[in-house]
Amino acid sequence: MPLSQLGTTDVLYLLGGAWTVSYIVSRLLRRGSSATTPLLGPPSQSWLLGNRALAGVDNEVPIYEQWANQYGRVFQIGGPLGSSRVVLCDPKAIAHFYSKETFTYVQTAFAKIFIGTFFGRGLLMAEGESHRRQRKALTPAFSNAAIRKLTNVFFDSAYKCKAIWDGMLESHPEGVVINVQQWMNNIALDSIGIAGFSHNFGQLDGKTSDVANAFNSLGGDDRNIFTAFIFLLSPYFPFLATLPTKRNRVMRKLRQSLSNISDELLERTRKESQGGVEEKSIIGLLIKAENAKTDLTLTQEEVLAQMNVLLLAGYETTSISLTWALIELCRFPEQQRKLRDELLSQFPSSDPTWDQLMTTIPYLDAVVHETLRMHPPLVTTTRKAAEDDVVPLSAPIVTRDGQTVSSISVAKGTTVSAPIHLMNQAEWLWGPNAREFYPERWLEPNFGEKNDVQGHRHLLSFVDGPRTCLGKNFALAEFKAALSVIIRNFTFEFEGPEPKIEKHISILPRPKIAGQDGAKVPLRVRRVE
Ligand code: HEM
């Protein structure tokens, strides 16, 4: 049934059910805890829907910045059904919040159930000691030495894409229009498959995989109210996940194909120990390390769940970032030329090594970080306080009852969030051109001087603390390798005047050119002559 055909009574029943569950859970969580400091914040338009200022907005940053300026660097927003969340925009408060992740600040109940049900009990949903143990087991597989060995996987994927585009352009010197988002997905999925767990999904060989289908399905390409409803409730009522809906069938196939891939990988690592080919993939290294120990730190189920974690954390994030880089380089042709000139002058006929990618191509580094600054794939971190906490501030704020405070109390059960996109683009941290794509800022001698945000290069795109992105070096190597091949060989332009870019709601928000059906970013691509 399409959403528009839902009656008012249906909607009220749905909301009533959701409210009852969330009310009971939040009462249970708050029992015996102290109170959160009363904070200023934008008014809610209604108890039922909360503050609606962010609903359907493509760019939330100016709204958050205005609230931070008006109410202080820590404020409160009303959510649906009388709920509220504390928003931290103060660098010291954010550093404290991230440092206490997995113990004091934990995934919200829904996020935990969602990740656990659909992607297994891996690192992303683990908390506290279990998270620490799993992270310790996984970390060596992401070392610089390990990523260095994987760099050719990223180049191979980019060159496969290049070969296909060359074919498409052979008899079209005027260029062809290509939906680049699809190709960045193909590069990212094949790369994470091979580098993550030695499996070629074959997206760049013209195959379609169950994994790509599952992501499209979760990403809302087949939205309908019935499947969406079953999907949203199935974490709470597991039998719903067994109903024969299209999405459940797709998810079953995803689990089955990942389980087959992990069996193959286990078989290969066994053969390797008897003198086969060296296993370089992240999960392959993990299995090898686990096999070498007498006391296993990860269960078999956890090893399989880490494959899902790599897919969930590493596929869309990288393809979205690559797509955004191409969009920005179309908006700014001068920057596109400058990047190509740098790459062609340093690497006219060879590819950079991993060390060169990481350290000696400054403008590529600037474009990559500027893209991650302007378009963090994850725009906010939202967590629940698992215990009472006191959050220190770098500058005092005035509370709702007129007190000036230099720290705030957060009661157990409170929802707290850090707006990654705002902290990456706030004028008070990045200067008056904060909301412009300007890679040159990364090359300025006094860059970052006034910015106290902790995180990779003052960005929160990879967050900070115990949950900081484990695949950061993998992601940066892949982003830089793929972009270097593509920009050296092709030019990109919008068809006609600069189009409006909208948000396509998927597992993570993706860019789309306004008016396109689905998450499409068609650009005119020409060969560099
Ligand atoms: C541009 C690309 C990427 C960005 C911006 C990014 C960003 C992030 C962010 C924000 C988190 C924290 C998630 C949370 O708190 O819920 C995270 C976690 C994680 N990322 Fe990435 N990521 C990227 C690519 C990758 C890649 C390619 C991999 C793996 C190959 C990866 C592996 C992970 C893992 C394993 C975690 C979980 C860490 C933990 O819970 O301890 N990421 N990433």
Side-chain angles (χ1 to χ4, degrees), residues 94 97-98 100-103 105-108 110-112 114-115 119-128 130-139 141-143 146-147 150 153-154 157 184 187-197 281-283 285-286 302 305-325 368-384 416-421 423-424 455-457 459-483 507-509:
I94 289 180
F97 165 71
Y98 279 129
K100 296 189 105 182
E101 274 241 64
T102 87
F103 285 94
Y105 296 101
V106 296
Q107 300 275 18
T108 59
F110 183 78
K112 203 177 266 190
F114 172 82
I115 299 169
F119 295 92
R121 308 177 66 78
L123 190 64
L124 269 175
M125 74 158 288
E127 308 283 4
S130 167
H131 177 267
R132 193 177 274 168
R133 174 179 57 81
Q134 294 189 38
R135 181 130 182 156
K136 197 169 157 210
L138 266 166
T139 300
F142 283 94
S143 68
I147 306 298
L150 293 174
V153 173
F154 309 139
S157 296
M184 298 308 111
I187 291 179
L189 191 55
D190 278 5
S191 297
I192 190 76
I194 297 170
F197 30 85
S281 73
I282 304 277
I283 300 289
L285 290 183
L286 182 67
E302 281 170 347
Q306 310 308 357
M307 287 172 54
N308 293 3
V309 166
L310 289 199
L311 276 176
L312 184 62
Y315 159 48
E316 290 211 293
T317 43
T318 317
S319 69
I320 290 171
S321 301
L322 277 162
T323 307
W324 269 118
V368 161
H369 284 93
E370 189 64 351
T371 305
L372 289 168
R373 186 183 76 81
M374 292 293 290
H375 307 289
L378 192 74
V379 294
T380 27
T381 303
T382 301
R383 299 286 186 255
K384 268 266 186 259
V416 180
S417 69
I420 295 172
H421 47 5
M423 300 310 284
N424 280 0
H456 171 75
R457 315 270 281 275
L459 295 176
L460 287 184
S461 311
F462 294 107
V463 303
D464 190 26
R467 262 197 206 286
T468 193
C469 174
L470 190 52
K472 183 188 76 197
N473 290 337
F474 181 117
L476 290 173
E478 180 179 357
F479 194 169
K480 288 181 175 185
L483 196 61
I507 298 183
L508 293 172

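Start at 1 and go down the list; that is how both ligands and their atoms are numbered.
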Counting each atom of ligand 1 from 1 as listed, which ones have a heavy atom of [X] under 4.0 Å away?
| X | answer |
| --- | --- |
| S321 | 1 (C) |
| V463 | 10 (C), 12 (C) |
| P377 | 5 (C) |
| F474 | 27 (C), 30 (C) |
| L123 | 35 (C), 37 (C), 38 (C), 39 (C), 40 (O), 41 (O) |
| L372 | 1 (C) |
| L124 | 37 (C) |
| V309 | 35 (C) |

[X], any N or O under 3.5 Å of ligand 1 N or O:
| X | answer |
| --- | --- |
| E478 | no |
| R135 | yes |
| R383 | yes |
| R467 | yes |

#### Entry: Sphere of radius 2.8 Å around atom 21 (Fe) of ligand 1 - protein N, O or S atoms inside
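Metal shell, protein only: C469 SG.
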### Task
Tell me, please: is A188 in heavy-atom contact with ligand 1, that is, under 4.0 Å?
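Not so, A188 does not reach ligand 1.
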#### Entry: Heavy atom of I420, distance to ligand 1 below 4.0 Å
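So I420 does not count as touching ligand 1.
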#### Entry: Working for side chain to side chain contact (heavy atoms under 4.5 Å, CB included), residues I282 and F197
CA-CA 6 Å; I282 304 277; F197 30 85; over 6 Å; no
Determine whether the side chain, the backbone, both or neither of [X] has a heavy atom under 4.0 Å from any heavy atom of ligand 1.
| X | value |
| --- | --- |
| T381 | neither |
| P466 | backbone |
| I192 | side chain |

I'd like to check [X] versus [Y] (side-chain heavy atoms, cut-off strictly below 4.5 Å). Are they in contact?
| X | Y | result |
| --- | --- | --- |
| L123 | R133 | no |
| V368 | L483 | yes |
| F154 | F479 | no |
| L372 | W324 | no |

Counting only N and O atoms by type, is there a donor-acceptor contact under 3.5 Å from the side chain of [X] to the main-chain atoms of [Y]?
| X | Y | result |
| --- | --- | --- |
| S130 | A126 | no |
| N424 | H375 | no |
| Q134 | E302 | no |

### Salt-bridge present (E101, R383; N to O < 4.0 Å)
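The answer is yes: the pair qualifies as a salt bridge.
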### Query
Should the pair E127-R132 be classified as a salt bridge under the 4.0 Å nitrogen-to-oxygen rule?
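Salt bridge flag = no for R132 with E127.
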### Proximal candidate to atom 41 (O) of ligand 1 [heavy atom criterion; set H131, E316, Q134]
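Looking at heavy atoms only, the winner is H131.
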### Task
Please determine, by modelled atom types, if Y98 and T381 share a side-chain donor-acceptor pair under 3.5 angstrom.
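Indeed, the side chains of Y98 and T381 share at least one donor-acceptor pair under 3.5 Å.
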#### Entry: Side chains of S321 and T371, donor plus acceptor under 3.5 Å
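No pair is found: no donor N or O on one side chain lies under 3.5 Å from an acceptor on the other.
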### Task
Tell me which protein heavy atom sits closest to atom 13 (C) of ligand 1, plus the residue, atom name and distance to 0.1 Å.
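Answer for atom 13 (C) of ligand 1: L378 CD2, 4.0 Å.
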### Task
Starting from atom 10 (C) of ligand 1, locate the nearest protein heavy atom and write down its residue, its atom name and how far away it is, to 0.1 Å.
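Sorting protein heavy atoms by distance from atom 10 (C) of ligand 1 puts S461 O, 3.3 Å first.
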### Message
Heavy-atom count check: over 12 atoms from other residues, nucleotides or ligands less than 6.0 Å from R121 CZ?
### Response
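Result for CZ/R121: open.
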### Query
When you look at I420 and T380, which way does the side chain to side chain contact (heavy atoms under 4.5 Å, CB included) test go after all the steps?
CA-CA 5 Å; I420 295 172; T380 27; 5.6 Å; no
### Centroid-centroid distance, H369 to H456, less than 6.0 Å
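They qualify: ring centres under 6.0 Å apart.
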### Task
State which residue, out of T317, L476, L470, fulfils the side chain to side chain contact (heavy atoms under 4.5 Å, CB included) condition with F462.
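Testing each of T317, L476, L470 against F462, the sole residue satisfying side chain to side chain contact (heavy atoms under 4.5 Å, CB included) is L476.
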